[in-house]
Amino acid sequence: MSQDLAERCAELVAELGLANPGTDVRIRPLTGGVASDIAVVETEQRDVVVKFALAKLKVAEDWFAPVHRNRAEYAWLKFAHDTCPANAPKIFGRSEALQGFAMELLKGEHVYLWKDRLLSGAAPDGEAAKVGGLLGRLHAVSSRTDFDRSAFRNRDDFHALRLEPYLSFTAGRHPDLAMRINGLAEALHGSDQVLVHGDVSPKNILVRDGTPILLDAECATMGDASFDLAFCLNHLVLKALHMPTNRDALCAEAQSLWNAYAPHVCWEAAADLEARTVALLPALMLARVDGKSPVEYLDETGRRRVRTLSRPLIAEPAATISDFIDILKKQARHQ
Ligand SMILES: Nc1ncnc2c1ncn2[C@@H]1O[C@H](COP(=O)(O)OP(=O)(O)O)[C@@H](O)[C@H]1O
Ligand SMILES: [Mg+2]
């Protein structure tokens, strides 16, 4: 760990009153992410997790993003904790000067990362439906006219963190689909119906005693609900393609995520949102192969499989999630 990170951690917990200035704190970096410095800090009062945004992300392609997204993340965590206290970590304060914040350390025998469980091949434990219900509730509350949007006018950050690296960059590698993919990006950029988390990935969801806890909200912005849905479904369908023995279970999880989400949709017709979600999903699949943040577990054969499935569905989207899943299963059987 860099000296610099240790110093920033000590400064942050002192500034937030979580440790007395000058006392020893022990620091253990956490891994998994590409966009931040994140560490467990043990103080004499309690153990906390601290997180600072990085200016340049840890990926192969050059990818820069403004560090003030740390403020948006903290505001999202506060909103989520106020709205669904069991589904977000407790927060302990933020420093504007250090662009860092502190939160509850989630640990224990009954805590696991959803991604680890999905990749282990173990049967799902209903996580997707719980995540769908949670997302639906957060989106619905944030769609109300009295929702305070002031911390979430972040469409330019969202562009830098999501639309450019996932969609525009991928459009550049698939010129025949560029109009469609760029059209999706433009529509997302122009939309502001609900508070979008922006990184609803199984690696950002810890499950504690059967309850999903959503982390890592630095892309948070007012936007289109279809982004969070398609982003999370993408992780499930990519794993379904990749793991034949779990395919049916993962496809069922994808469907149950939507089924649990749909009853919350009160800001538009659920069928319209579902249609936008299935139109975006194949573009995000292709982005995890040819965009700036490629999936680590696919080899060239796996990548080719993703292109073969996603490209025609970008050109001509499926009508519903159920249709999308049927097409995926049919194609997977022929490989
Ligand atoms: N409050 C927390 N308690 C325990 N583990 C955490 C906590 N926050 C994050 N983590 C772990 O650290 C990893 C990286 O954190 P995350 O917020 O996702 O950062 P990044 O933006 O770098 O992806 C997560 O995948 C999770 O495993
Ligand atoms: Mg993360």
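We count ligands from 1, going down the list as the structure has it; atoms in each ligand are counted the same way.
- Asp216 contributes OD2 as its N, O or S atom closest to the Mg ion (ligand 2).
- For ligand 1, the atoms sitting less than 4.0 Å from at least one non-hydrogen atom of Asn204 are 18 (O), numbered in the order shown with element in parentheses.
- Heavy-atom contacts of Ser36 reach the following atoms of ligand 1: 19 (O), 20 (P), 21 (O), 22 (O) (cutoff under 4.0 Å).
- Under 4.0 Å from ligand 1, the heavy atoms of Leu206 that appear belong solely to its side chain.
- Contact check on Arg71 versus Glu73 returns no salt bridge, with no Lys/Arg side-chain nitrogen under 4.0 Å from an Asp/Glu carboxylate oxygen.
- Ring-plane geometry between Phe147 and Phe152 is classed as parallel, the angle between the planes falling under 30 degrees on a 0 to 90 degree scale with a further cut at 60.
- Under the ring pair (Phe, Tyr, Trp, His ring centres under 6.0 Å) criterion, His81 pairs with no residue at all, not counting sequence neighbours.
- The Lys51 neighbourhood of ligand 1 comprises atoms 16 (P), 17 (O), 19 (O), 20 (P), 21 (O), with distances under 4.0 Å to a heavy atom of that residue.
- By heavy-atom distance, the residue among Thr31, Leu214, Asp216 lying nearest atom 14 (C) of ligand 1 is Thr31.
- Of all heavy-atom pairs between Pro212 and Leu134, the closest is O-CD2, 4.2 Å.
- Note: Phe158 and Phe227 have perpendicular aromatic rings, judged against thresholds of 30 and 60 degrees for the angle between ring planes.
- Of all atoms in ligand 1, numbered sequentially from 1 with element shown, those under 4.0 Å from a heavy atom of Glu104 are 1 (N), 2 (C), 3 (N).
- Using a 4.0 Å cut-off between a side-chain N of Lys or Arg and a carboxylate O of Asp or Glu, Arg303 and Asp290 do not qualify as a salt bridge.
- Proximity to Val49 (heavy-atom distance under 4.0 Å) selects the following atoms of ligand 1: 1 (N), 2 (C), 3 (N).
- Salt bridge annotation for Asp37-Arg8: present, with a cationic side-chain nitrogen under 4.0 angstrom from a carboxylate oxygen.
- Within the 4.0 Å heavy-atom criterion, both parts of Leu106, backbone and side chain, lie near ligand 1.
- Heavy atoms of Asp199 stay at 4.0 angstrom or farther from ligand 1.
- The proximity of Met103 to ligand 1, defined as any non-hydrogen pair under 4.0 Å, is limited to the side chain.
- The Mg ion (ligand 2) has no N, O or S atom of Ser36 closer than 2.8 Å.
- Contacts between Leu113 and ligand 1, counted as non-hydrogen atom pairs separated by less than 4.0 Å, involve the side chain only.
- Contact annotation for Glu218 and ligand 1: only side-chain heavy atoms (C-beta onward) come within less than 4.0 Å of the ligand.
- Note: the hydrophobic cluster containing Met179 does not contain Leu188 (ILVMFWY, side chain heavy atoms under 4.5 Å, direct or indirect links).
- Ion pairing between a basic and an acidic side chain is recognised when a charged N comes within 4.0 Å of a carboxylate O; Glu104 and Arg208 show such pairing.
- Figure legend: Arg46 and Phe92 shown as a cation-pi pair, the cationic atom lying under 6.0 angstrom from the six-membered ring centre and within 45 degrees of its axis.
- In terms of polar-atom proximity, Glu73 is not counted as a contact of ligand 1, lacking any N or O under 3.5 Å from an N or O of the ligand.
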